[in-house]
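As a basis for the values below, the full set of heavy atoms in this structure was taken, side chains included, without hydrogen atoms, waters or symmetry mates. Note on naming: letters A, B, ... go to the chains in the order of the sequence lines (proteins, then strands), and numbering restarts at 1 for each one.
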2 protein chains.
Amino acid sequence: MNRKASSREEWATQIASLDQQTPARKEPITVGRIVATALALVEAEGFDALTMRRVAAALQTGPASLYAHVRNKAELDDLLIGALSRNVVPPKPDAARWREQVLDVCGQLRDQFLRYPGIARAALSAPPANLDTLRITEGLLAIFLAGGVSPRAAAWTIDAVLLYVSAYTVESSLRGEVDRGEVLERLRMLPASHFPCISAHVDELNSGEGHERFEFAIRSMLVSAG
Amino acid sequence: MNRKASSREEWATQIASLDQQTPARKEPITVGRIVATALALVEAEGFDALTMRRVAAALQTGPASLYAHVRNKAELDDLLIGALSRNVVPPKPDAARWREQVLDVCGQLRDQFLRYPGIARAALSAPPANLDTLRITEGLLAIFLAGGVSPRAAAWTIDAVLLYVSAYTVESSLRGEVDRGEVLERLRMLPASHFPCISAHVDELNSGEGHERFEFAIRSMLVSAG
DNA sequence: TTCGTGAGTAGAACAGTGTTCGTGACAACT
DNA sequence: AGTTGTCACGAACACTGTTCTACTCACGAA
């Protein structure tokens, strides 16, 4: 009975394949296709929508099929931030304008993180030994050293800067959901008796268009070095 | 039949309550008890172990009971970082040593985050309008202003500093799991052909005992201000 | 040509997760 | 004494990541 049923199913699939001019063999699943569809999913619906089932469904298969190419979801996250880091191209070091070059690299990374909302959370959880992110570290280190910064200060500043970029983009990603004016309204409601400084400077606290705060923060980490 | 069965159960619970000298009425669930058990859970097993079911089980009840006091898990997270922020006490502003005071507040916050491993992730996702974290912002703002920093620079620097503390503690929390020597070993394996700067300064990249990197980063954000 | 063999493909299931529904019991006010 | 409303909570739903286990199928050897 079982064989008969399976032959019936096979028969049905053969009939169904008559409609497609392409051969019935489906395109094989590769790591590249998985990463590509995952990135598209995150770009469209955010990092929370990235589930193994969603990726598998987009590839017209079940979730189990992914585990032949990817060990974990953690590894998939890792691959994503790797693919994303590959889009960042560090400039050739120019000693005269090394601060601007650092700012440029950080801006590239920030834009990559913001393009895929919420993915920066994965970057914070990712192991620091990812080969593609190390390429960015290498590029930054070259810029710093060309700028005359001591190796130790360079290393520590790079660490701080990369950490800040991740944190900034994590926050910035979910600020998109919440209305920003809402925050300002709540700050205005604070009683001056308990929050004198905040009440007095609520406009300054909420100021900063675009990425002004971002560039301010990065620059402030660079002035001491060198 | 149903009534008979329920009366039987009631009879059984009455008999069971004979053993306890405390009255059968269980201690009521309150927000405070929920937060306290949640904090204990995070302190002992980390943020990933914090689930509604685990908290409910520790309170000897089902998960549904929590939702009468807490809207969401997100709100519970918020309450946790609020309770944790209440442990940070900003010093009375002293214009002469305002930088050290900022470092002190950041250190307090860092230690709180590290005491409850992984909870900093919740701090990054939390809305910025939390009343207890605003208390810290207020304290910092007072210190900055007393130190003669302009309101705008103060506001932006506070933002950057708090973001960095969260990111630092997030990373530091999971570095506890992975062996640190492992990272160093991987860095040593990098080919100097592709990673000349990293290979040349691998020791500097891995240096920094205790919270040296932390204090370096915070200080570097403060030198430009003022 | 026939027969394994081994890699790639998935369906089903498991142990979790956050959250909601509806029932039930208790305390307090009328 | 009766009613009301708040709190407690078992059961269930829709998810999540992950694994087990069959099953297909191209490819190389006898």
| query | Among A:Arg115, A:Gln108, A:Gln112, which one satisfies side chain to side chain donor-acceptor pair (under 3.5 Å) with A:Asn87? | reply | A:Gln112

| Of all the choices, D:dA8, D:dG17, D:dG10, which nucleotide is nearest to the side chain of A:Met52 once you look at every atom? | D:dG17

| request: Take the protein atom CD1 of A:Ile34 and the nucleotide atom C1' of C:dA10, then report the distance between them rounded to whole Å. | output: 13 Å

| query | Taking OP1 and OP2 of D:dC9, is either one under 4.0 Å from a side-chain nitrogen or oxygen of B:Ser65? | reply | yes

| task | Rounded to the nearest angstrom, tell me the gap between atom CG in A:Asp48 and atom C1' in D:dT16. | result | 12 Å

| task | Find the distance B:Tyr67:OH to D:dC9:C1' and express it as a whole number of Å. | result | 13 Å

| query | How close or far is atom C1' of D:dG17 from atom CG of A:Asp77, stated in whole angstroms? | reply | 12 Å

| note | Judged by nearest nucleotide, the residue sitting upstream toward the 5' end of DNA chain D, B:Pro63 or A:Ala64, is B:Pro63

| query | Hey, is CZ on B:Arg33 packed in by over 12 heavy atoms from elsewhere, all under 6.0 Å? | reply | yes

| Is the shortest side-chain N/O distance from B:Thr51 to OP1 or OP2 of C:dT17 below 4.0 Å? | yes

| task | Test the B:Arg110-B:Tyr168 pair against the cation-pi criterion, namely NZ or CZ under 6.0 angstrom from the six-membered ring centroid and within 45° of the ring axis. | result | no

| message | Any side-chain to backbone donor/acceptor pair from B:Ser199 onto B:Pro196? Under 3.5 Å, distance only. | response | no

| said: If I take atom CD1 in residue A:Ile29 and atom C1' in nucleotide C:dA7, what distance separates them, rounded to the nearest angstrom? | reply: 13 Å

| Nearest-Å distance for atom pair CZ/C1', residues B:Arg71 and C:dG18 | 15 Å

| For D:dA22, what is the paired nucleotide under Watson-Crick or G-U wobble rules, both distances under 3.5 Å? | C:dT9

| Atom CG of B:Asn72 and atom C1' of C:dT20: how far apart are they, to the nearest Å? | 12 Å

| remark: From NZ of B:Lys73 across to C1' of C:dT19 the rounded distance in Å is 13 Å

| field | Nearest atoms (heavy-atom pairs only) where A:Gly208 meets B:Trp156 | value | CA-CZ2, 3.5 Å

| query | Is there a donor N/O on one and an acceptor N/O on the other, under 3.5 Å, for the side chain of B:Arg53 and the base of C:dG16? | reply | no

| Nucleotide nearest A:His69 (side chain, heavy atoms from C-beta), chosen from D:dG17, C:dT9, C:dG18 | C:dT9

